[in-house]
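Only one structure is covered here, and it is reproduced in the block below.
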Amino acid sequence: MNNIVCKNIFKSFKHESEDMPVLDNINLSISKAERLAITGASGAGKSTLLQLLAGLDKPSQGNIFIDDIDLHSIKPIEQSKIRLNSFGFVYQFHHLLEDLNVYENILIPQQLKYGSNSNDSAGKVTKLLDQLGLSSRAKHLPWKLSGGEKQRVAIARAIVNNHSFLFLDEPTGNLDDENSNLVQDLILQIANEHDIALILSTHDTNFANKMNTIYKISNRNIKEV
């Protein structure tokens with residue numbers, strides 16, 4: 001997958017009997033290896049836009065294309081395949097499986113993509129553990145990790161399938177300054193090494209300024225700043 005294009009996106013939510021508009025007339029194009037930050041006040045629609053771009057939610061109006069495929073005109077199973085093969089996700093909360101150790105958490109996307117008998121999966125996971133400074137934590141359960149370590153595991157899990165696009169929804173929002181800077185630098189390093197596009201939602205001005213392009217959502221619209 002080389003690009004994501006959204007055209008005339010409108011999104012509203014039902015609240016009781018009333019439609020509550022969140023995004024209106026959003027037009028955006030994201031190419032492979034893009035570094036893009038989406039900023040705006042809490043509740044402006046940053047997370048909603050990421051969910052739409054990744055096919056986790058459906059726009060009320062408008063179209064989202066992955067290359068030339070209309071994401072919401074294909075079957076759910078086909079959407080799932082695109083997400084598995086092309087999209088990685090890192091959220092503010094790491095969402096690790098507490099009963100699986102670090103190695104097993106990172107391995108999950110490989111097993112979903114290739115099955116449990118892939119000869120290459122172990123090597124990929126081991127390489128990422130080393131790259132992210134987690135080799136000594138491979139057999140540890142999540143409750144034994146620091147916040148920064150948990151988020152590094154989430155990053156490894158998000159990129160182990162060599163995705164083209166990495167969606168980051170406030171990925172450093174729960175970290176202290178030291179761990180936040182470490183995670184930011186790791187994300188940029190990995191994206192550069194693996195030619196991954198970054199789509200970042202953040203309140204962190206410092207992190208946003210590390211991207212090539214910054215957009216702001218205000219009054220349901222998006223503009224480059």
Checklist entry - Above 12 or not: heavy atoms from other molecules or residues under 6.0 Å from CG of Asn209? => result yes
Checklist entry - For Arg152 and Leu186, which heavy atoms make the closest approach, and how far apart are they? => result CD-CD1, 3.4 Å
Next on the checklist: Run Lys144 and Glu149 through side-chain contact (heavy atoms from CB on, under 4.5 Å) and show every step you take.
Outcome noted: CA-CA 9 Å; Lys144 293 184 176 181; Glu149 288 171 334; over 6 Å; no
Next on the checklist: Taking the basic N atoms (NZ, or NE/NH1/NH2) and the acidic carboxylate oxygens, is any pair closer than 4.0 Å for Lys11 and Asp57?
Outcome noted: yes
Checklist entry - In this structure, are over 12 heavy atoms from other groups packed under 6.0 Å from Glu98 atom CD? => result yes
Checklist entry - Run the side-chain contact (heavy atoms from CB on, under 4.5 Å) check on Gln79 and Ile74 step by step: do they pass? => result CA-CA 7 Å; Gln79 292 178 354; Ile74 59 178; 3.7 Å; yes
Checklist entry - Mind checking whether Leu129 and Gln131 have side chains closer than 4.5 Å, heavy atoms only? => result no
Checklist entry - So, does His203 use its side chain to make a donor-acceptor pair with the main chain of Glu170 at under 3.5 Å? => result no
Item to check | Distance, nearest 0.5 Å, that separates CZ of Arg157 from CG of Leu128 | outcome: 13.0 Å
Item to check | Asn63 side-chain N/O to Lys7 backbone N/O, donor-acceptor pair under 3.5 Å | outcome: no
Checklist entry - Do Asp169 and Ser47 get their side chains close enough for a donor-acceptor pair, meaning under 3.5 Å? => result yes
Next on the checklist: Return the CD to CG distance between Glu104 and Asp99, rounded to the nearest 0.5 Å.
Outcome noted: 10.0 Å
Checklist entry - Heavy-atom distance under 4.5 Å between the side chains of Lys150 and Leu96, does that happen here? => result yes
Item to check | Heavy-atom closest contact (Ser31 atom, Ala197 atom, distance) | outcome: O-CB, 3.6 Å
Checklist entry - So, do Pro142 and Asn105 sit near enough that their side-chain heavy atoms are less than 4.5 Å apart? => result yes
Next on the checklist: How long is the straight-line distance from CG of Asn27 back to SG of Cys6, given to the nearest 0.5 Å?
Outcome noted: 6.5 Å
Item to check | Co-membership, hydrophobic cluster, residues Ile155 and Leu107, 4.5 Å side-chain | outcome: yes
Checklist entry - Between Tyr91 and His95, how do the two ring planes meet: parallel, tilted or perpendicular, split at 30° and 60°? => result perpendicular
Checklist entry - Roughly how far apart are Gln61 CD and Asn25 CG, rounded to 0.5 Å? => result 10.0 Å
Item to check | The single option from Leu200, Ile190, Leu198 passing side chain to side chain contact (heavy atoms under 4.5 Å, CB included) against Leu166 | outcome: Leu198
Next on the checklist: For the residue pair Lys223 and Tyr215, would you count it as a cation-pi contact if the rule is NZ or CZ under 6.0 angstrom from the ring centre and within 45 degrees of the ring axis?
Outcome noted: no
Checklist entry - Is a side-chain donor or acceptor of Asn101 paired with a backbone partner of Leu141 at a separation under 3.5 angstrom? => result no
Checklist outcome for this item: Heavy-atom closest pair (Ala44 atom, Leu23 atom, distance to 0.1 Å) is O-CD2, 4.2 Å
Checklist entry - Which heavy-atom pair separates Leu71 from Leu52 by the least distance, and what is that distance? => result CD2-O, 4.3 Å
Checklist entry - Atom CD in Gln51, atom OG in Ser201: separation rounded to 0.5 Å? => result 10.0 Å
Next on the checklist: Angle between ring planes, Phe167 versus Phe87, binned at 30° and 60°: parallel, tilted or perpendicular?
Outcome noted: perpendicular
Checklist entry - Going by heavy atoms in the side chains, are Thr39 and Ile217 under 4.5 Å from each other? => result no
Next on the checklist: Between Asn3 and Ile30, does the side-chain contact (heavy atoms from CB on, under 4.5 Å) criterion hold? Intermediate values first, please.
Outcome noted: CA-CA 5 Å; Asn3 60 74; Ile30 305 167; over 6 Å; no
Checklist entry - Does Phe10 share a hydrophobic cluster with Ile64, counting links as ILVMFWY side-chain heavy atoms below 4.5 Å and allowing steps through other members? => result no
Next on the checklist: Assigning hydrophobic clusters by single linkage (Ile, Leu, Val, Met, Phe, Trp, Tyr; side-chain heavy-atom cutoff under 4.5 Å), is Leu56 placed with Ile9?
Outcome noted: yes
Checklist entry - Is any side-chain heavy atom of Leu36 less than 4.5 Å from a side-chain heavy atom of Asn212? => result no
Checklist entry - Does atom CG of Asp195 have more than 12 heavy-atom neighbours from other groups under 6.0 Å away? => result yes
Checklist entry - When rounded to the nearest 0.5 angstrom, what is the spacing between NE2 in His194 and OG in Ser164? => result 12.5 Å
Checklist entry - Thinking salt bridges, do Lys81 and Glu78 make one under a 4.0 Å N-O criterion? => result yes
Next on the checklist: Are Val5 and Ile66 linked, directly or through intermediate hydrophobic residues, by side-chain heavy-atom contacts shorter than 4.5 Å (ILVMFWY only)?
Outcome noted: no
Checklist entry - Do Ser60 side-chain atoms and Ser12 backbone N/O form a donor-acceptor pair below 3.5 Å? => result yes
Checklist entry - Could you go step by step and tell me if Val22 and Arg220 meet the side-chain contact (heavy atoms from CB on, under 4.5 Å) rule? => result CA-CA 5 Å; Val22 178; Arg220 299 187 293 278; 5.7 Å; no
Checklist entry - Sub-3.5 Å donor-acceptor pair from the side chain of Ser86 to the main-chain atoms of Arg83, do we have one? => result no
Item to check | Gln110 and Asn161: side chain donor to acceptor below 3.5 Å | outcome: yes
Checklist entry - Is atom CG of Asn219 surrounded by more than 12 heavy atoms (other residues, nucleotides or ligands) closer than 6.0 Å? => result no
Item to check | Test item: Asn206 and Asn181 side chains (from C-beta on) under 4.5 Å apart, heavy atoms | outcome: yes
Checklist entry - Would you say the side-chain atoms of Asp204 and Gln184 include a donor-acceptor pair closer than 3.5 Å? => result yes
Checklist entry - What is the minimum heavy-atom distance between Asn221 and Asp24, and which atoms define it? => result ND2-O, 2.8 Å
Next on the checklist: Under a 4.0 Å threshold between the charged nitrogen and the carboxylate oxygen, would Lys210 count as salt-bridged to Asp185?
Outcome noted: yes
Next on the checklist: Starting from Val90, can I reach Ile108 by hopping between I/L/V/M/F/W/Y residues whose side chains sit under 4.5 Å apart?
Outcome noted: no
